[in-house]
Amino acid sequence: MGTNNLRRIWDADPDAAPKERPNFSDDTVGRFRSGRLVKTGKTESPEALSEWRVTTGDPIVAARIAELLGGEVESWETDNEDNLQVLTDSASVHIVIEPDTLDASFKHFMPGAGLIHHCDGFEYLSPEEDKGMACGCPTVVAERKLRATQKRGPAPSIELTFRLADHMDLGKWRFNSGSWKLVDALGPLFAELDRYPGQQVRATLTIENVSYVPQKGPRAGQTVSYNKPVIKILGAYEAAAALADAA
């Protein structure tokens, strides 16, 4: 019987030995973002992106994202831990949503004071001593939007925790949005998720471009274009995975 002496070469040079790929499955490793701040002189302006921007503090995770979704790993200026970013080539990713990890509320942050208002549109969600009390927000949606735009009231805060469907070992990711367009879709979205209580759910997370030509108003006859985040539910994760294996 022959001997497997080849494996001894790694004993002689352990630094060159194949490394086991780290498993981040229980960690929250970063965020998917649909925009960024761009400096123009001394000011910063928000820029909507057509492909996902992914931020993380782990260089191994960042390198995997660049490999999977395209783009280059680079550093960016932030006070948070996710100081690496990848401007990917991907506008849509297949994800697995963890049970009960889609959260929607209204939040108002003030510089120097932090979170000063947190409600569900009708009652306070925090702080604990105010929880359940009427928040005083207007019932008319147009007025809610106006107050949020003027920084006089809370804005939507939609938070989602998920994993990449084909790379579950890469860990958990967070997505946060203040999009009113996503608020419009929350009713049907929660109804879809309610069909799979306690289950992981397969979905797509997409930056979708919308273009139209208004017939009235100051921009009548001009093409108006904007991007919006879209979450599309595909079904229970186990069932979807089984169908994919059988295909």
Side-chain angles (χ1 to χ4, degrees), residues 28-58 61-62 64-66 68-95 97 101-111 114-115 118 144-164 170-186 189 203-212 219 222-232:
T28 300
V29 292
R31 293 179 60 182
F32 273 63
R33 303 171 184 260
S34 58
R36 62 177 174 175
L37 291 176
V38 177
K39 283 189 176 181
T40 305
K42 294 183 179 180
T43 63
E44 290 185 328
S45 302
E47 178 187 26
L49 299 174
S50 299
E51 288 83 30
W52 289 111
R53 170 178 170 243
V54 181
T55 61
T56 180
D58 193 299
V61 173
R64 288 279 304 278
I65 287 296
L68 298 170
L69 304 181
E72 301 289 336
V73 179
E74 59 186 32
S75 60
W76 68 293
E77 188 176 338
T78 178
D79 294 329
N80 298 321
E81 294 181 354
D82 57 340
N83 61 340
L84 299 174
Q85 67 175 2
V86 180
L87 298 176
T88 76
D89 301 327
S90 302
S92 185
V93 290
H94 285 264
I95 65 173
I97 301 175
T101 57
L102 177 63
D103 179 75
S105 62
F106 288 89
K107 295 180 180 180
H108 188 186
F109 292 90
M110 182 173 290
L115 180 63
H118 183 204
R144 291 182 190 267
K145 292 181 178 181
L146 179 61
R147 288 193 181 188
T149 301
Q150 296 175 338
K151 309 296 184 184
R152 296 189 299 111
S157 178
I158 302 164
E159 300 179 7
L160 176 68
T161 300
F162 63 91
R163 302 174 190 267
L164 294 177
L170 201 50
K172 299 176 183 178
W173 298 89
R174 290 193 301 117
F175 167 67
N176 179 273
S177 176
S179 168
W180 284 96
K181 294 297 181 182
L182 188 52
V183 171
D184 292 343
L186 282 179
L189 182 57
T204 54
L205 179 63
T206 304
I207 299 176
E208 183 177 290
N209 180 261
V210 178
S211 296
Y212 67 99
R219 303 191 66 177
Q222 303 177 31
T223 299
V224 176
S225 180
Y226 64 89
N227 293 335
K228 66 175 183 178
V230 176
I231 302 169
K232 181 179 180 181

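In this text the structure is predicted, and so the values were computed from the model without any measurement. Numbers here simply count residues along the sequence, with the first being 1.
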Could you tell me if the side chain of Leu49 sits less than 4.5 Å from the side chain of Ser34, heavy atoms only?
no
Among side-chain atoms of Arg33 and Thr55, is any donor-acceptor pair under 3.5 angstrom?
yes
CG on Leu189 to NZ on Lys232, rounded to 0.5 Å
13.0 Å
With a 4.5 Å limit on heavy-atom distance, are the side chains of Arg36 and Val38 in contact?
yes
Closest approach of Val86 and Ala62, non-hydrogen atoms and distance?
CG2-O, 3.7 Å
Under the side chain to side chain contact (heavy atoms under 4.5 Å, CB included) rule, collect the residues that match up with Asn80, sequence neighbours excluded.
Thr78, Asp82
Provide the closest heavy-atom pair for Glu51 versus Ala91 in the form atom of the first, atom of the second, distance.
CG-N, 4.0 Å
Which distance, rounded to the nearest 0.5 Å, do you find between the NE2 of His118 and the NZ of Lys107?
4.5 Å
Is the Tyr226 ring parallel, tilted or perpendicular to the Tyr212 ring (thresholds 30°, 60°)?
perpendicular
For Glu74, is the CD atom crowded, meaning more than 12 foreign heavy atoms sit under 6.0 Å from it?
yes
Over all heavy atoms of both residues, which pair between Ser92 and Thr204 is shortest? Give the atoms and the distance, please.
OG-CB, 4.1 Å
Measuring only between side-chain heavy atoms, which start at C-beta, is Phe106 closer than 4.5 Å to Pro156?
yes
What distance separates Ser45 OG from Lys39 NZ, expressed to the nearest 0.5 Å?
12.0 Å
Distance-only, no hydrogens or angles: does the Thr88 side chain make a donor-acceptor pair with backbone N or O of Ser90 under 3.5 Å?
yes
Are any of the side-chain heavy atoms of Leu84 and Val54 separated by less than 4.5 Å?
no
Spacing of Trp173 atom CH2 and Thr161 atom OG1 [to the nearest 0.5 Å]
12.5 Å
For Ala203 and Ile231, work out which heavy atoms get closest and say how close.
CB-CG2, 4.5 Å
Would you name the heavy atoms of Gly57 and Asn83 that are closest together and state the gap between them?
CA-OD1, 3.9 Å
Salt bridge or not for Arg53 and Glu47, using N-O below 4.0 Å?
no
Measure from the side-chain N and O atoms of Trp52 to the backbone N and O of Leu69, and report whether any donor-acceptor pair falls under 3.5 Å.
no
Nearest 0.5 Å please: distance from the CG atom of Leu182 over to the CG atom of Leu160.
9.0 Å
Quick check: do Ile207 and Asn227 have side-chain heavy atoms less than 4.5 Å from each other?
yes
State which residue, out of Asn209, Asp184, Thr206, Val210, fulfils the side chain to side chain contact (heavy atoms under 4.5 Å, CB included) condition with Lys228.
Val210
Assess whether salt bridge (Lys or Arg N to Asp or Glu O under 4.0 Å) is satisfied between Lys181 and Glu208, documenting all intermediate values.
CA-CA 11 Å; Lys181 294 297 181 182; Glu208 183 177 290; over 6 Å; no
Minimal non-hydrogen separation, Gln85 against Ser75, with atom names:
NE2-O, 4.5 Å
Heavy-atom side-chain contact between Phe175 and Ile95 under 4.5 Å
no
pair Leu164-Ile65: side-chain heavy atoms closer than 4.5 Å:
yes
Is the number of heavy atoms from other residues, nucleotides or ligands under 6.0 Å of Glu72 CD greater than 12?
no
Who passes side chain to side chain donor-acceptor pair (under 3.5 Å) against Thr101, sequence neighbours left out?
none
Can you measure from CG (Leu115) to CE (Met110) and round to the nearest 0.5 angstrom?
11.0 Å
